Amino acid sequence: MPSVPSPHRVRRSRLARACASPSFVAGSLLTLMIVAVAVFAPQLAPQSPNAQDLSAGLLPPSADHFFGTDQLGRDLFSRVLYAARTDIGIAVSAAIAPFIIGVTAGLVAGYFGRATDWVISRITDTVIAFPFYVIVIALVFAIGAGPQGIIVAFALVGWVGYARVIRAMTATLRELGWVRAARGAGLSDTRVLIRHILPNVLPQAIVLLTTEIVLIMVAIVTLGYLGMGIQPPTPDWGTMIADGQAFVTTHWWLTLLPGLAVVITGVALSLLGDGIGDALRIRQAPPRSTHAPIRCAGVVAHPVARGQVCVRDLRIASSATGAPIVGGATGIDIDLQPGEALGIVGESGSGKSLTLRAILGMLPVGVEFGAMHTKLPADRIEVSVGGPVGMVFQDPATALDPLARVGAQVFAACQAAGAKDPAARTLELLAAVQLPAEERIARAFPHELSGGQRQRIVIAIALAGNPAVLLCDEPTTALDATVQREVLALLTRLRAERGLTLVFVSHDLAVVATVCDRIAVMYGGDIVEQGSVEHIVSAPAAAYTRQLLAAVPDGSTMPVPADADASQILTVDALEVRYGARIGVTDVTFSLRRGEVIGLVGESGSGKTTIARALVGELPIASGTVRFGPAAGAFEGTVRAGDGGSSAIHPGMSSRARIRVASARAQLVPQDPAAALNPRLTVGTVLAELVHLRARETGETVDRAQARSRANALLSEVGLDIAISKAYPHEISGGQRQRVAIARALAVEPDVLVADEATSALDVSVQAGILALLDRLRAERGLAMVFVSHDLAVVREICSHVLVMRDGCVVESGGSEFFANPRTAYGCELLAAVPVLPKRH
């Protein structure tokens with residue numbers, strides 16, 4: 001288990017991250033100096049800012065007058081200091097109201113959408129349609145010049161920038177898993193907005209605030225220059241610049257020095273805003289790229305044949321601590337001859353992807369080649385690759401630019417590779433990866449293609465440079481069985497036709513066995529075993545390899561169906577869900593008894609997730625019903641306030657009504673817990689919030705200590721150390737996050753768990769642990785489960801009944817008889833697409 005930092009360490013890390021930002025350091029120092037000057041202007045100014053001495057007018061800068069004097073003999077240095085007090089003070093005061101109004105309007109418009117969004121957006125558009133300074137000047141004329149008029153004017157017009165940016169961010173966040181999970185748990189819209197969404201948009205809002213202060217200050221200076229701002233004799237940079245305009249060619253200091261004060265203040269606040277944004281923003285470091293052969297301190301590369309890969313004594317360590325990450329015990333050795341295929345398997349965090357990055361010549365920031373505390377001599381670490389290297393990434397949705405047509409992206413890769421005719425080469429590559437109607441596909445955007453088509457585009461881009469070595473990092477994890485089979489067959493064909501050397505990273509041993517000749521098993525950053533596929537599967541030498549093989553579902557048996565006497569707690573009758581005019585699912589009917597698990601299987605887009613989201617109230621239903629209770633019309637358990645006693649989700653219900661009905665009875669366990677957990681809340685905070693919610697629903701009084709205790713009990717129930725409660729989601733592993741997601745679902749004590757691809761992104765050992773946990777919870781709590789998955793072997797292990805989905809319809813259903821003798825051709829196709837390990841001897 002990874003170490004879990006305390007909140008104090010997290011706060012210190014944020015401060016350290018801020019202090020490491022040049023923008024924050026420079027902006028903070030400059031801003032503090034300027035604020036100190038403004039606050040202590042009466043003590044720092046050598047003279048009164050309004051004291052006149054007509055005999056000493058227009059004196060140049062000197063020891064007596066640091067900035068010289070103006071035409072009335074007033075000390076310019078004193079006036080600049082007092083003007084900072086005036087202009088910055090008014091700018092900060094005038095920025096507060098627009099900040100509050102704009103952020104609130106943006107949150108409400110982006111979260112609720114529809115009519116609310118339309119009204120707020122039209123008001124925003126109306127204000128933006130008028131020239132900014134025309135509105136401000138008109139308001140100042142109407143209200144009156146001076147600080148009060150300026151503050152009111154900016155309160156009325158300055159909020160629109162916040163509203164537009166925050167609205168866009170909120171509309172995006174509203175669709176993320178952790179916001180849907182918060183709503184699905186039954187939290188009120190107000191709490192979701194304030195507790196969950198606001199902290200995630202606040203960093204950008206703060207950056208906008210510092211920028212807005214600068215803009216308001218410049219506007220104040222402009223109004224002062226025009227004579228409509230701060231009125232004499234109060235010192236103001238704008239009026240000082242205006243007063244010195246007549247002497248600009250003879251007495252330069254009168255305009256230059258106040259103008260320079262404006263520029264320095266603007267730069268200071270802008271740098272501070274950027275630095276604060278860097279400190280508050282949650283982000284992952286971008287990769288550091290080099291090119292093969294790798295040129296890096298402590299690494300050498302020797303000439304090798306095209307397609308050959310030679311890795312000797314590879315060690316990768318943390319740049320900050322020197323602690324080993326890969327190759328800490330023995331160093332990594334890999335030898336691949338041209339045309340060979342090596343599969344690298346192991347649990348998450350074992351070093352598979354880092355090893356791949358080292359071969360590619362890309363290491364993430366924060367790690368480097370070397371050993372703990374000392375760097376190995378240059379002739380000890382060798383990473384040599386013969387010829388160009390191509391890379392196929394895990395998630396094609398993130399590997400492709402969503403705003404560019406896929407043909408343009410392949411074209412750019414061909415240009416970068418030096419193709420003589422990039423357009424012809426683009427069509428050639430699309431044909432090579434077996435995409436029909438190449439010209440039509442080339443005109444499409446990524447979102448217009450299926451998952452399998454997107455992955456083929458990524459492969460085409462990887463082939464653009466005519467690589468000798470192709471690296472694949474979990475390229476089929478997110479694909480259903482039939483599409484996965486097509487992609488694996490494509491990689492096998494390309495390898496045979498082009499003589500490619502293949503390095504294939506995966507957590508799925510059966511997939512690796514399908515495309516590779518040899519397997520390297522990694523654990524704890526080291527290769528614990530290498531050998532042919534047959535040898536690794538039949539006679540594993542390492543204990544960890546045997547553990548991995550034991551964790552692979554064999555799909556040989558199915559659980560016993562639920563007791564016929566068990567109460568029926570979920571009935572789905574003729575369910576239909578639409579996306580506008582398009583049908584998502586139609587005529588879906590099934591029921592669940594307590595303790596029963598039903599599987600939903602089928603290809604991507606078949607409607608599995610649509611059903612899952614409809615069951616938990618996230619999607620409206622067009623017709624049919626989703627009823628919770630032991631019998632039609634009955635309802636057992638606590639009814640939420642405002643439900644009116646209803647236990648069914650039916651057409652016409654509002655979003656909040658659907659969630660109220662479903663949230664106490666059904667909870668979603670998502671596919672990607674990293675996206676489904678609020679990145680700014682600790683694990684303990686997330687669980688305690690739901691414990692409080694459940695207590696309020698049942699009329700129980702729970703204080704903070706009791707809520708923490710119950711949250712810790714939930715963590716223990718799902719097999720986690722209670723120290724995890726102090727961690728943020730990004731500080732724990734994928735398997736731990738999935739267990740936290742299950743604990744969150746259990747916090748509201750549901751009758752039904754809806755698991756949507758809950759194990760698809762996990763390695764086999766972690767997957768086995770999650771499946772065992774779900775089975776234990778089913779038995780101990782009497783939970784019913786709807787299990788959505790594209791992995792039929794997993795489905796067969798945990799489910800007693802299966803619904804086979806295609807194009808939004810149930811085309812087949814059954815228990816063990818489906819796996820033995822499917823009735824439909826599509827069922828046969830699904831089963832045939834499941835990769836299997838070679839039989840063990």
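Numbers for residues simply follow the sequence, beginning at 1. For clarity, every value in this text was computed on a predicted model and none was experimentally measured.
- E576 is linked by a side-chain hydrogen bond (donor to acceptor under 3.5 Å, both in side chains) to R578, T586, counting only residues two or more places apart in sequence or in another chain.
- In this structure A431 satisfies the side chain to side chain contact (heavy atoms under 4.5 Å, CB included) test together with E438, sequence neighbours excluded.
- Sorted by first then second residue, the side chain to side chain donor-acceptor pair (under 3.5 Å) pairs that include residues 401-430, not counting sequence neighbours, are R425-E428.
- Within the structure, side chain to side chain donor-acceptor pair (under 3.5 Å) pairs that include any residue of residues 823-835 comprise E812-T824 (at least two apart or interchain).
- For C516, the side chain to side chain contact (heavy atoms under 4.5 Å, CB included) partners at least two apart in sequence or on another chain are A341, F504, V512.
- Looking at residues two or more places apart in sequence or on another chain, you find a side-chain hydrogen bond (donor to acceptor under 3.5 Å, both in side chains) between D473 and S353.
- Scored by the side-chain hydrogen bond (donor to acceptor under 3.5 Å, both in side chains) test, R454 finds no partners at all (sequence neighbours excluded).
- Applying the salt bridge (charged side-chain N to carboxylate O under 4.0 Å, His left out) test to every pair with at least one member in residues 483-499, sequence neighbours left out, gives these pairs: R456-E486, R493-E497, R495-D517.
- With sequence neighbours excluded, no residue forms a side chain to side chain contact (heavy atoms under 4.5 Å, CB included) with A417.
- Applying the ring pair (Phe, Tyr, Trp, His ring centres under 6.0 Å) test to Y544 and every residue at least two apart in sequence or in another chain returns Y523.
- Looking at residues two or more places apart in sequence or on another chain, you find a side chain to side chain contact (heavy atoms under 4.5 Å, CB included) between D756 and T609, L668, V788.
- For R180, the side-chain hydrogen bond (donor to acceptor under 3.5 Å, both in side chains) partners are E618, not counting sequence neighbours.
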